[in-house]
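Report on the structure given below.
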Amino acid sequence: MTAETVHAPALPSGAAPPPIEARRLTKRFDGLTVVSDMSLELAHGEMLGLIGPNGAGKTTMFNLLAGSLKPSAGEIWIGGREVSGEPPERRIAHGVARTFQIPRPFLEMSVLENLLVGAQKQVGERLFANFLTPGLVRREEKAALKKAHDLLDFVTLSRLAHEPARVLSGGQRKLLELARVLMADPQVILLDEPAAGVNPALLEVIIERVVELNAQGRSILLIEHNMDMVSRLCSRVVAMALGKVLAQGTPVEVAANPAVIDAYLGGGA
Ligand SMILES: Nc1ncnc2c1ncn2[C@@H]1O[C@H](COP(=O)(O)OP(=O)(O)OP(=O)(O)O)[C@@H](O)[C@H]1O
Ligand SMILES: [Mg+2]
């Protein structure tokens with residue numbers, strides 16, 4: 001079987017390696033192959049769309065790239081370094097972070113606290129080094145608080161900072177999820193359906209913010225069923241079904257591809 005490698009646009013020789021790359025990834029669950037020999041690379045500063053019918057294996061690809069699942073075969077490279085066996089925290093340390101398709105904020109904590117919980121973990125990783133310098137911990141906490149407030153401002157949730165997360169609508173939870181991920185200051189952001197279930201007004205906010213993050217030079221891999229959003233944001237799209245790449249190209253090319261149309265009509269079968 002040959003791997004269908006999805007190449008990012010050609011780089012000049014000597015250019016930096018891709019910020020993230022999947023090489024012939026396979027994931028099996030109890031004999032069921034969910035991702036099959038899938039290769040994919042993101043270019044620096046690119047916003048790449050990943051589409052496909054329900055059950056195609058998109059979120060599983062994210063779980064593999066972000067390290068929450070280990071591949072059955074294949075490799076993951078971040079910035080020219082193999083990370084296949086490393087846990088999610090190491091991927092975050094290498095600047096790769098992902099949002100979850102279904103955000104699960106701590107409902108009884110405030111919106112602000114939800115952001116600080118993640119930051120605390122980052123500070124905590126250096127706790128031993130900070131043990132003898134409590135002033136440094138306080139400074140880091142202050143810096144995290146400022147960052148959390150700035151990010152709540154960025155995602156238009158400032159006025160809800162002290163409300164429990166349970167009051168947030170589905171769309172607002174997606175925005176909180178985006179802010180949560182940005183606390184780690186990632187250079188590569190994996191967005192799993194940021195627009196699903198979001199009302200049109202909030203959808204525009206999400207689109208604007210994603211465009212801004214990309215304009216800051218961050219590379220983004222976007223899973224999304226909303227083709228209008230994908231067409232507006234991505235110049236390149238990869239379509240997958242049954243764990244494999246079906247087609248890649250511009251959004252118009254991919255949407256017109258007969259194999260892609262068949263996969264959607266057949267529900268991926
Ligand atoms: N932990 C698991 N154990 C067994 N099967 C799984 C597991 N996770 C995912 N699957 C199966 O893998 C397939 C791909 O699921 P995945 O969530 O990656 O699809 P998706 O493309 O993200 O779909 P959607 O668009 O609905 O989010 C599905 O058939 C799913 O049931
Ligand atoms: Mg999914």
Subject >> Residues Asn214, Ile189; criterion side-chain contact (heavy atoms from CB on, under 4.5 Å); working and verdict >> reply: CA-CA 9 Å; Asn214 186 230; Ile189 309 176; over 6 Å; no

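- Taking 4.0 Å as the cut-off between side-chain N and carboxylate O, Glu108 and Arg166 count as a salt-bridged pair.
- The number of heavy-atom neighbours closer than 6.0 Å to CZ of Phe106, taken from other residues, nucleotides and ligands shown, is 12 or below.
- Between the Gln172 side chain and the Ser169 main chain, a donor and an acceptor come within less than 3.5 Å of each other.
- In this structure, CZ on Arg236 lies 4.5 Å from CG on Leu48, to the nearest 0.5 angstrom.
- If you take NZ on Lys58 and CG on Asn63, they are separated by 12.5 Å, rounding to the nearest 0.5 Å.
- Checked by atom type and distance alone, the side chain of Lys147 pairs as donor or acceptor with a backbone atom of Met183 at under 3.5 Å.
- The CG atom of Leu202 sits 12.0 Å away from the NZ atom of Lys174 when rounded to the nearest 0.5 Å.
- The CG atom of Asp185 sits 12.5 Å away from the CD1 atom of Ile92 when rounded to the nearest 0.5 Å.
- Between Leu213 atom CG and Gln187 atom CD the span is 10.5 Å, to the nearest 0.5 Å.
- A salt bridge links Arg232 with Glu204: at least one charged nitrogen is closer than 4.0 Å to a carboxylate oxygen.
- With values rounded to the nearest 0.5 angstrom, Leu151 atom CG is found 12.0 Å from Leu175 atom CG.
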